[in-house]
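Some notes on the structure that comes next.
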Amino acid sequence: MAEVTVVIPTVDRVALLDRCLGGLARPQAVDFDAIVVHDGDPGVVAVIERWARCLPLRGLRVDERGAAAKRNAGWRAATAPVVAFTDDDCQPTAGWLAAGLAALGPDIDLVQGRIEPHPDDTGVTGVFARTLDQPEPSDTYPNANLVYRRSALERVGGFDESFWGGGEDTDLAWRVIESGGGVAFAPEAVVQHAVRPATLAQHLRSLPRWATLALVLRRHPQLRRLLHRKVFWKRSHPVALLALVAVALAPFDRRALAAVLPLLVRRTREAGLADGAQLAVADLTEVLVVLAGSARYGAVLL
């Protein structure tokens with residue numbers, strides 16, 4: 001039987017999944033199998049079938065598009081006592097699984113590995129380019145590189161599928177910790193995260209999912225120490241909140257728009273006029289999103 005099952009959720013990202021599985025095919029020095037949880041995209045199915053010729057790999061179709069549902073289906077279908085999670089936009093390096101398992105001591109239920117931007121993507125630039133760079137342990141526990149004992153997942157019930165946006169990985173990790181699970185960091189267990197370009201419009205469309213960060217804070221208030229002044233998601237948000245109030249008051253008194261200037265000046269100094277203006281728009285939208293999440297979940301996040 002495999003020592004560890006790797007679970008990879010994917011939705012329609014054929015090229016990224018292909019690169020991910022190519023990394024998994026590097027020497028891992030442990031007995032493993034892998035499950036790719038997908039929604040039936042023909043391109044994804046073809047990639048799975050091709051890599052299954054040389055990897056202990058199978059596909060599992062789950063029509064729900066949420067990552068939490070796919071990850072739950074994956075680990076529940078696993079047979080190994082240990083489950084390693086990564087994402088389709090990550091590529092494991094050689095020895096990833098061996099390093100993760102080596103850190104899984106008798107009192108450890110969760111191992112966090114190192115995440116670095118993919119070296120093949122250095123040419124991807126832009127103010128909204130997306131990646132993960134985590135050289136040290138993080139209290140947010142991004143699911144790009146985590147190894148769990150299956151017994152710990154069973155103990156807390158796995159991912160909470162009510163997280164329709166982001167934060168389900170952070171919530172699960174802290175529920176395991178709060179249930180008595182020990183944690184460790186394995187710096188040699190490395191995955192390389194894709195650097196993906198994004199326009200302003202694409203970035204804005206991605207933001208509503210972060211409303212569920214307020215739910216994470218409601219359940220795990222100790223994480224407020226990670227916030228700016230324990231309230232603001234990002235350091236730019238105090239001036240963004242002021243600007244948002246100014247915009248709301250402008251129909252009644254146009255002089256209120258002067259309060260937008262601190263945000264524009266800050267972002268222009270950081271990124272130039274054009275990119276700074278886009279960042280300011282993103283800041284305003286982010287504040288609106290987390291305000292909506294605060295109202296919905298009863299935890300203040302600005």
Side-chain angles (χ1 to χ4, degrees), residues 65-67 89 117 123-134 138-140 142 162-171 194-302:
R65 295 182 70 86
D89 57 359
V124 179
T125 59
V127 69
F128 296 114
R130 307 170 186 172
T131 190
L132 274 176
D133 188 359
Q134 183 186 288
S138 169
D139 283 339
T140 60
S162 67
F163 278 86
W164 54 271
E168 78 286 346
D169 45 5
T170 306
D171 172 68
V195 185
R196 291 182 285 134
T199 64
L200 173 61
Q202 289 169 331
H203 179 71
L204 295 180
R205 285 196 296 270
S206 76
L207 292 179
R209 65 194 179 106
W210 296 114
T212 48
L213 291 180
L215 179 56
V216 176
L217 290 172
R218 191 184 77 186
R219 292 182 173 179
H220 313 285
Q222 69 272 24
L223 296 180
R224 285 197 173 275
R225 68 181 184 274
L226 304 179
L227 301 176
H228 180 54
R229 299 178 183 174
K230 297 185 179 181
V231 175
F232 294 98
W233 180 22
K234 298 180 179 179
R235 290 183 176 272
S236 59
H237 283 193
V239 291
L241 180 61
L242 177 65
L244 191 63
V245 171
V247 171
L249 293 176
F252 308 100
D253 188 344
R254 291 187 178 182
R255 292 173 295 179
L257 288 174
V260 177
L261 289 176
L263 176 63
L264 291 174
V265 169
R266 174 185 180 134
R267 285 310 203 177
T268 298
R269 285 176 176 172
E270 292 173 349
L273 184 59
D275 286 346
Q278 293 187 78
L279 285 169
V281 171
D283 285 328
L284 293 172
T285 308
E286 287 167 1
V287 171
L288 280 171
V289 166
V290 294
L291 281 172
S294 297
R296 179 171 180 175
Y297 298 111
V300 177
L301 177 64
L302 302 174

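As a basis for the values below, the full set of heavy atoms in this structure was taken, side chains included, without hydrogen atoms, waters or symmetry mates.
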T212 (side chain) donor-acceptor with F163 (main chain) under 3.5 angstrom: no
Within residues 235-289 or reaching into it, pairs that qualify as ring-ring contact (aromatic ring centres under 6.0 Å, His included) - sequence neighbours excluded: W233-H237
Main-chain N/O of A299 paired to S294 side chain as donor or acceptor, under 3.5 Å: yes
Atom of L249, atom of A256 and distance for their closest heavy-atom approach: CB-CB, 3.9 Å
Side chain proximity check, V290 to E286, heavy atoms < 4.5 angstrom: no
Rounded distance (nearest 0.5 Å) linking atom CG of D275 with atom CG of L200: 10.0 Å
May I have the list of side-chain donor-acceptor pairs in residues 204-211 shorter than 3.5 Å, sequence neighbours left out?
unit_1, atom_1, unit_2, atom_2, d
S206, OG, H203, O, 2.7
R209, NE, S206, O, 3.3

Stepwise side chain to side chain contact (heavy atoms under 4.5 Å, CB included) test for D253 and R255: CA-CA 5 Å; D253 188 344; R255 292 173 295 179; 2.9 Å; yes
For the student: nearest non-hydrogen atoms of R267 and G276, plus distance: CB-O, 3.3 Å
L244 side chain reached by L291 side chain, heavy atoms, under 4.5 Å: yes
Close side-chain approach of F232 to L227, heavy-atom, < 4.5 Å: no
CZ (R225) with more than 12 external heavy atoms under 6.0 Å: yes
R224, CZ: over 12 other non-hydrogen atoms inside 6.0 angstrom: yes
pair R130-Q202: side-chain heavy atoms closer than 4.5 Å: yes
Non-hydrogen atoms of S138 and Q134 that approach each other most closely: CB-OE1, 3.2 Å
Closest non-hydrogen atom pair between E168 and A67, with its separation: OE2-CB, 4.2 Å
Pair K234 + D283, salt bridge at N-O below 4.0 Å: no
Flag side-chain contact, heavy atom, 4.5 Å: V287 against L302: no
OG1-CG distance between T140 and L223, expressed to the nearest 0.5 angstrom: 9.0 Å
N/O donor-acceptor pair under 3.5 Å between T268 side chain and L273 backbone: no
Heavy-atom side-chain proximity of H220 to D171 below 4.5 angstrom: yes
Atom of A243, atom of L263 and distance for their closest heavy-atom approach: CB-CD2, 3.9 Å
For D133, side chain to side chain donor-acceptor pair (under 3.5 Å) partners two or more places apart: none
L279 side chain near V127 side chain, heavy-atom distance below 4.5 Å: yes
Heavy-atom closest pair, residues R296 and W164: NH1-NE1, 3.4 Å
Side chain to side chain contact (heavy atoms under 4.5 Å, CB included) between V231 and L301, worked out: CA-CA 5 Å; V231 175; L301 177 64; over 6 Å; no
Heavy-atom check, side chain of L217 versus side chain of L213, under 4.5 Å: no
